[in-house]
**Student:** 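This is the structure, below, for whatever I ask next.
Note that the structure is predicted; figures quoted are calculated from it, not measured.
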Amino acid sequence: LVERDNLAVALSVAGYFIGLTMALGGVLAGESVSLKQDVIDITRYGILAIALLNLSYWINDWCILMRSKIGQEMVRDRNCGVGLISGANHVAMGLILYGLLSGEGGGFLTVAVFWVLGQLALILAAKLYDFLAPYDVQDALARDNAAVGAAYAGMLMGIGNVIRFAVQGNFSGWLPSLTSFGLVVMFGLLALPVLRWVTDRLILPGRRLTDELVRQDRPNIGAGVLEGTVYVCMSYLIGWCIQ
């Protein structure tokens, strides 16, 4: 960060700080019982949040960035696209943890179960994005394409935010909670191709995202940021409609 002025690493670390803040905010947003109990809760759930955020880093490395090793890409190649995705994964998991920790009821088991389900949903969204994109996403990322990384990062944060809405609130039992989670995540995944089409046809009229992202000498990072922003914005609209 200091000697090499590595922006890719800075983006990943910044996402980690935001994700950790979101996770701790879930504990602080809950009902206060007493000062002693609040200190105990933020300590134990804070440690849990740190562990899960770091674990999600390795899962991201194995399952989402299949052709790129996060550490090598960010440190050796200064790949800002991979740095954005790494940071976005932290933010997405922080949002999910915020939803899990802000309600009443449940405990470590419910947090662990829905964290696993949330991580699986992120992986599924990533696979679906790879499949739907009219270009080789993983190859573009391996080629240090920050524009594709920005769009991918926005998708991860958008799905993470939708999952936050799905798990936020008091735990009312396994069946209703799992049913609600499944329906909301399914809706969010089905919305992915629709949102990309909207961005492609309505927000960028006369242009094509694919051309801007991968079919020119210098990938248009602005177009990638715009696509990613649409995913994040729509995740809030979806979540508010659900609420």
**Student:** Report the distance from atom CG of L178 to atom CZ of F114, rounding to the nearest 0.5 Å.
**Tutor:**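 Here the interatomic distance stands at 4.5 Å.
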**Student:** To the nearest 0.5 Å, tell me how far E212 CD sits from L226 CG.
**Tutor:**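 Output value for this atom pair is 10.5 Å.
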**Student:** Given I221 and V225, is the side chain to side chain contact (heavy atoms under 4.5 Å, CB included) satisfied, shown in steps?
**Tutor:** CA-CA 6 Å; I221 298 177; V225 170; 4.1 Å; yes
**Student:** Please say whether more than 12 non-hydrogen atoms of neighbouring residues, nucleotides or ligands are located less than 6.0 Å from CE in M74.
**Tutor:**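 It does: M74 CE has more than 12 such atoms within range.
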**Student:** Do the non-hydrogen side-chain atoms of L100 and I96 ever get within less than 4.5 Å of each other?
**Tutor:**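 They are in side-chain contact.
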**Student:** Identify whether L24 and I40 are in the same connected component of the hydrophobic contact network (ILVMFWY, side-chain heavy atoms under 4.5 Å).
**Tutor:**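 No, because L24 and I40 fall into different hydrophobic clusters, even though each may have its own neighbours under 4.5 Å.
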**Student:** Looking at every heavy atom in both G160 and L95, which two are closest together, and how far apart are they?
**Tutor:**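 Shortest heavy-atom separation between G160 and L95 comes out as O-CB, 4.1 Å.
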**Student:** With a 4.5 Å cut-off on side-chain heavy-atom distances among I, L, V, M, F, W and Y, is there a chain of contacts connecting L122 to F131?
**Tutor:**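 As far as the 4.5 Å side-chain criterion goes, F131 and L122 are connected within one cluster.
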**Student:** Spell out, yes or no, whether V91 and L84 are grouped together once hydrophobic residues are joined by side-chain heavy atoms under 4.5 Å, including indirect joins.
**Tutor:**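 In one cluster with V91: L84, no.
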**Student:** Show me the side-chain donor-acceptor pairs of residues 7-18 shorter than 3.5 Å, one per line, residues at least two apart or across chains.
**Tutor:**
unit_1: S12; atom_1: OG; unit_2: S86; atom_2: OG; d: 2.8
unit_1: Y16; atom_1: OH; unit_2: N54; atom_2: ND2; d: 3.1

**Student:** Going by heavy atoms in the side chains, are Y129 and V137 under 4.5 Å from each other?
**Tutor:**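 They are in contact (side-chain heavy atoms under 4.5 Å apart), so the answer is yes.
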**Student:** Where do L52 and V111 come nearest, in terms of heavy atoms and distance?
**Tutor:**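 For L52 and V111, the tightest heavy-atom pair comes out as CD1-CG1, 4.4 Å.
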**Student:** Does the side chain of M93 come within less than 4.5 Å of M22's, by heavy atoms?
**Tutor:**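 Side-chain contact under 4.5 Å: no.
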**Student:** Any chance you could lay out the side chain to side chain contact (heavy atoms under 4.5 Å, CB included) test for C233 and L237, step after step, and finish with the verdict?
**Tutor:** CA-CA 7 Å; C233 292; L237 296 178; 5.8 Å; no
**Student:** Which heavy atom in A121 sits nearest to a heavy atom in V185, and how many Å separate them?
**Tutor:**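 Of all heavy-atom pairs spanning A121 and V185, the closest is CB-CG1, 3.8 Å.
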**Student:** Applying salt bridge (charged side-chain N to carboxylate O under 4.0 Å, His left out), can you list everything that pairs with D211, at least two apart in sequence or on another chain?
**Tutor:**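 Testing D211 for salt bridge (charged side-chain N to carboxylate O under 4.0 Å, His left out), a comparison that skips the adjacent residues, returns R215.
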**Student:** State plainly whether one hydrophobic cluster holds both W240 and L183, where clusters connect Ile, Leu, Val, Met, Phe, Trp and Tyr through side-chain heavy atoms under 4.5 angstrom apart.
**Tutor:**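 Per the 4.5 Å side-chain linkage, W240 and L183 are not co-clustered.
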**Student:** Under the salt bridge (charged side-chain N to carboxylate O under 4.0 Å, His left out) test, which residues partner R143, sequence neighbours left out?
**Tutor:**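 By the salt bridge (charged side-chain N to carboxylate O under 4.0 Å, His left out) rule, R143 matches D139.
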**Student:** State yes or no: do L109 and V167 share one hydrophobic cluster built from I, L, V, M, F, W and Y residues joined by side-chain heavy-atom distances below 4.5 Å, directly or via other members?
**Tutor:**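 Yes, because L109 and V167 connect within a single hydrophobic cluster, where side-chain heavy atoms sit under 4.5 Å apart.
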**Student:** Could you list all the ring-ring contact (aromatic ring centres under 6.0 Å, His included) pairs where at least one residue sits in residues 185-209, not counting sequence neighbours?
**Tutor:**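 Non-adjacent pairs meeting ring-ring contact (aromatic ring centres under 6.0 Å, His included): zero.
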**Student:** Between atom CG of L120 and atom SG of C63, what is the distance when rounded to the nearest 0.5 Å?
**Tutor:**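 If I round to the nearest 0.5 Å, the distance is 8.5 Å.
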**Student:** Search all heavy atoms of V230 against all heavy atoms of L195 and return the closest pair with its distance.
**Tutor:**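 Closest approach of V230 to L195: CG1-O, 4.3 Å.
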**Student:** When you measure from the side chain of D77 to the backbone N and O of N79, does any donor-acceptor pair fall under 3.5 Å?
**Tutor:**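 Not confirmed, D77 side chain does not pair with N79 backbone.
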**Student:** For a side chain to side chain contact (heavy atoms under 4.5 Å, CB included) check, start with the C-alpha distance between T110 and W174, then their side-chain angles and the critical distance, and finish with the verdict.
**Tutor:** CA-CA 9 Å; T110 57; W174 287 106; 3.7 Å; yes
**Student:** When rounded to the nearest 0.5 angstrom, what is the spacing between NE2 in H90 and CD1 in I85?
**Tutor:**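 Rounded to the nearest 0.5 Å, the NE2-CD1 separation comes out at 12.5 Å.
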**Student:** Sequence neighbours excluded, which residues qualify as salt bridge (charged side-chain N to carboxylate O under 4.0 Å, His left out) partners of R44?
**Tutor:**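 Partners of R44 under the salt bridge (charged side-chain N to carboxylate O under 4.0 Å, His left out) test: D41.
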**Student:** I'd like to check Y231 versus L156 (side-chain heavy atoms, cut-off strictly below 4.5 Å). Are they in contact?
**Tutor:**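 In short, these two side chains do not touch, never coming nearer than 4.5 Å.
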**Student:** I'd like to know if the side chain of S56 and the backbone of L53 have a donor-acceptor N/O pair within less than 3.5 Å.
**Tutor:**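 Present.
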**Student:** For a quick test of reading the model, state the closest non-hydrogen atom pair linking Y135 to T210 and the distance between them.
**Tutor:**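 For Y135 and T210, the tightest heavy-atom pair comes out as CD2-CG2, 3.8 Å.
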**Student:** Supply the atom-to-atom distance R78 CZ to D144 CG, rounded to the nearest 0.5 angstrom.
**Tutor:**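 Reported to 0.5 Å precision, the distance equals 11.5 Å.
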**Student:** Restricting to non-hydrogen atoms, name the atom on L128 and the atom on L189 that form the minimum distance, rounded to 0.1 Å.
**Tutor:**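 Distance-wise, the nearest heavy atoms are CD2-O, 3.5 Å.
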**Student:** When you measure from the side chain of Q138 to the backbone N and O of I64, does any donor-acceptor pair fall under 3.5 Å?
**Tutor:**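 Checked: pair present.
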**Student:** Say you draw a straight line from CD of Q119 to CD1 of I59; how long is it, rounded to the nearest 0.5 Å?
**Tutor:**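 Atom-to-atom, Q119:CD and I59:CD1 are 4.5 Å apart.
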**Student:** Tell me, which pairs form a side chain to side chain donor-acceptor pair (under 3.5 Å) where one or both residues lie in residues 151-167, sequence neighbours left out?
**Tutor:**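 Checked against side chain to side chain donor-acceptor pair (under 3.5 Å) - neighbours excluded - the pairs reaching residues 151-167 are D130-Y152, N161-R164, N161-S235, R164-Q168.
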**Student:** Side chains of E227 and L213: does their closest heavy-atom pair fall under 4.5 Å?
**Tutor:**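 Yes. Closest side-chain heavy atoms under 4.5 Å.
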**Student:** Test side chain to side chain contact (heavy atoms under 4.5 Å, CB included) on F181 and L117; report intermediate values, then the result.
**Tutor:** CA-CA 9 Å; F181 176 88; L117 292 176; 3.6 Å; yes
